[in-house]
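The structure under discussion appears below in the form of C-alpha cells.
Excluded from the calculations below are hydrogen atoms, water molecules and symmetry mates; all remaining heavy atoms, backbone and side chain alike, are included.
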Amino acid sequence: MMFQLPTMAATDDPKSKRISEENRRRNPRARISLPIRVRSADFVDDQVDEVRATINVSRTGLYFSSQRGSYHRGMKVLLTIPFRDFVADAGPEERGEVVRVEHLKDGRTGVAVRLLKSTESRAEHKVHSSRAEETKKSPIPEHRLAPRLPFLTEAEVMEPPAGTWLKTRLSDLSLSGCYVDTLHPLPVGARVCLRVVRNKIILEALATVIYSEPRLGMGVSFTQLSAEQKSILEKWLADVVQNGRP
C-alpha cells in the first residue's frame, strides 16, 4: 500500500520557503512506504521506540507519521531502515535528527528526519575518524562477539575511581556487552561497573568502554562474567527473542 504525501504546513517566512525549495530540488522525495524502527537516542527524551512506515524518503531524510506527541525539533533518533524484526535487525542503526514536526488533521504527528550520516559536517567526520583510529589501537576488537538485541531498561554505571553511580539507560544487550545511552560517555578504555535491575533480578558486571560517541552513548564490553551472570543474560535475551521486546 502506497501512502499519499500529506500537505505540508505553510510558512510566511520567505527565507524558510527558499531553503525548503532548494532542499526539494537538491533531494527529491519519493513516495515510498518503507517499514522503519525509530527510537530516541538520548535517554533524557521520552523513551520513543516504535515501528512506523515512511510516507516519503529522499537521499538525506525521510518523513513518517506517528500517534505519539513526544517528537520535537532537534531530537536525536536512531533508525533501522528497513525494519523486519527485532532479531534480524539487531545491527547498526542510522542516526537522525528531527527537523520538522507537524500536527496533522487526523490527530497524528508528522515527523521529518534528517539523516546525519548523509549530511555530517567535516567536524563530525573528524570525530568519527578519531574514534575509528582509537578503536584500531584498542586491544579489544570492534566486531561484536555475540548478536545484540534491543533492550530498553534503566541502568547505573560507576567508574571505580569516582565511586559514584550514575543513572542511565541501556538500549541494546548481548552476551558480550551492551550500549549505554548517556550524554556524557566515558573515553575508550575506561573500566566501569554496570548495574542493571530487571524484575527484581540484579546484574552487576565489570566492563570496558570500547567506543564512545559524544552526547549519544558508549558501547561497553563485559570483561569477565561468572556462570550466574551469564545465566541472567541468557534468560533476559531469551525473553527478548520470545516476546519481541524486553
Side-chain angles (χ1 to χ4, degrees), residues 23 26-27 29-30 32 34-66 68 70-86 88-101 109-135 142-144 147-152 155 168-174 177-188 209-221:
N23 288 336
R26 188 181 304 112
N27 303 299
R29 291 189 291 259
I32 298 176
L34 191 67
I36 59 172
R37 181 188 178 196
V38 186
R39 66 187 187 91
S40 51
D42 294 338
F43 72 93
V44 293
D45 283 315
D46 186 20
Q47 295 186 11
V48 172
D49 191 353
E50 61 177 348
V51 178
R52 308 303 304 164
T54 60
I55 295 174
N56 61 64
V57 298
S58 73
R59 184 177 62 85
T60 59
L62 54 86
Y63 184 92
F64 65 93
S65 65
S66 172
R68 302 180 66 101
S70 51
Y71 290 97
H72 58 85
R73 185 176 179 182
M75 178 179 179
K76 297 295 190 300
V77 294
L78 299 174
L79 305 163
T80 302
I81 313 171
F83 180 84
R84 294 178 296 276
D85 60 71
F86 285 94
D89 295 311
E93 298 166 298
E94 297 281 350
R95 295 179 184 81
E97 179 181 10
V98 175
V99 294
R100 189 174 70 255
V101 175
T109 299
V111 183
V113 175
R114 175 173 63 97
L115 298 178
L116 298 179
K117 182 177 180 180
S118 301
T119 57
E120 63 180 3
S121 65
R122 292 182 179 180
E124 290 172 325
H125 178 71
K126 289 181 180 179
V127 169
H128 290 291
S129 298
S130 176
R131 192 192 76 188
E133 187 64 27
E134 289 177 333
T135 304
E142 184 180 13
H143 65 272
R144 296 181 179 86
R148 66 177 186 174
L149 297 176
F151 198 85
L152 292 175
T168 180
R169 187 186 74 170
L170 299 189
S171 57
D172 64 53
L173 179 70
S174 77
C178 60
Y179 190 88
V180 180
D181 293 333
T182 175
L183 292 174
H184 307 289
L186 296 170
V188 172
V209 178
I210 56 175
Y211 64 93
S212 181
E213 301 173 297
R215 298 190 63 80
L216 284 177
M218 55 188 178
V220 303
S221 175

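Contact detail for Cys178 and Asp172: the closest heavy-atom pair is CB-O, 3.2 Å. Counting all heavy atoms, side chain and backbone alike, Ile210 lies closest to Ser221 at CG2-CB, 3.8 Å. Nearest heavy-atom pair, Val77 versus Glu97, reported as atom, atom and distance to 0.1 Å: CG2-N, 4.5 Å. Pairing each heavy atom of Gly110 with each of Tyr63, the nearest pair is CA-OH, 3.3 Å. For Ser212 against Val188, the heavy-atom pair with the smallest separation is N-CG2, 4.0 Å.
Using a distance-only test at 3.5 Å, with no hydrogens or angles considered, a donor-acceptor pair links the side chain of Arg52 to the main chain of Ser65. Proximity of a side-chain donor or acceptor of Thr80 to a complementary backbone N or O of Arg37 within less than 3.5 Å is not detected.
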Legend entry - From CA spacing to verdict: side-chain contact (heavy atoms from CB on, under 4.5 Å), Leu170, Val180: CA-CA 5 Å; Leu170 299 189; Val180 180; 3.8 Å; yes

Inset, instruction - Would you check, one step at a time, whether the test side-chain contact (heavy atoms from CB on, under 4.5 Å) holds for Leu149 with Ser174? - result: CA-CA 6 Å; Leu149 297 176; Ser174 77; over 6 Å; no

Inset, instruction - May I have the step-by-step check of side-chain contact (heavy atoms from CB on, under 4.5 Å) for Val38 and Val111, ending in yes or no? - result: CA-CA 11 Å; Val38 186; Val111 183; over 6 Å; no

Inset, instruction - Just do the side-chain contact (heavy atoms from CB on, under 4.5 Å) check on Leu79 and Leu115 with the steps written out, would you? - result: CA-CA 9 Å; Leu79 305 163; Leu115 298 178; 3.5 Å; yes

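Aromatic ring orientation, Phe64 versus Tyr71: perpendicular (interplanar angle above 60°, classes split at 30° and 60°).
Side-chain contact between Pro82 and Ile36 is absent, with no heavy-atom pair separated by less than 4.5 Å. Under the 4.5 Å side-chain criterion, counting only non-hydrogen atoms from C-beta, Ser40 is in contact with Arg169. Under the 4.5 Å side-chain criterion, counting only non-hydrogen atoms from C-beta, Arg39 is not in contact with Pro150. Put simply, the side chain of Ile81 reaches to within 4.5 Å of the side chain of Leu62, judged on heavy atoms. Inter-residue side-chain proximity for Pro185 and Val209 is flagged as unmet; no heavy-atom pair is nearer than 4.5 Å.
The CG atom of Asp181 sits 14.0 Å away from atom NZ of Lys76, with the distance rounded to the nearest 0.5 Å. Atom CG of residue Leu186 and atom CE of residue Met218 lie 4.5 Å apart, to the nearest 0.5 angstrom. Residue Leu152 holds its CG atom at 11.0 Å from CG of Leu173, rounded to the nearest 0.5 Å. How far OH of Tyr211 is from CG of Leu216: 10.5 Å, rounded to the nearest 0.5 Å.
Scored by the side chain to side chain donor-acceptor pair (under 3.5 Å) test, Thr109 finds no partners at all (sequence neighbours excluded).
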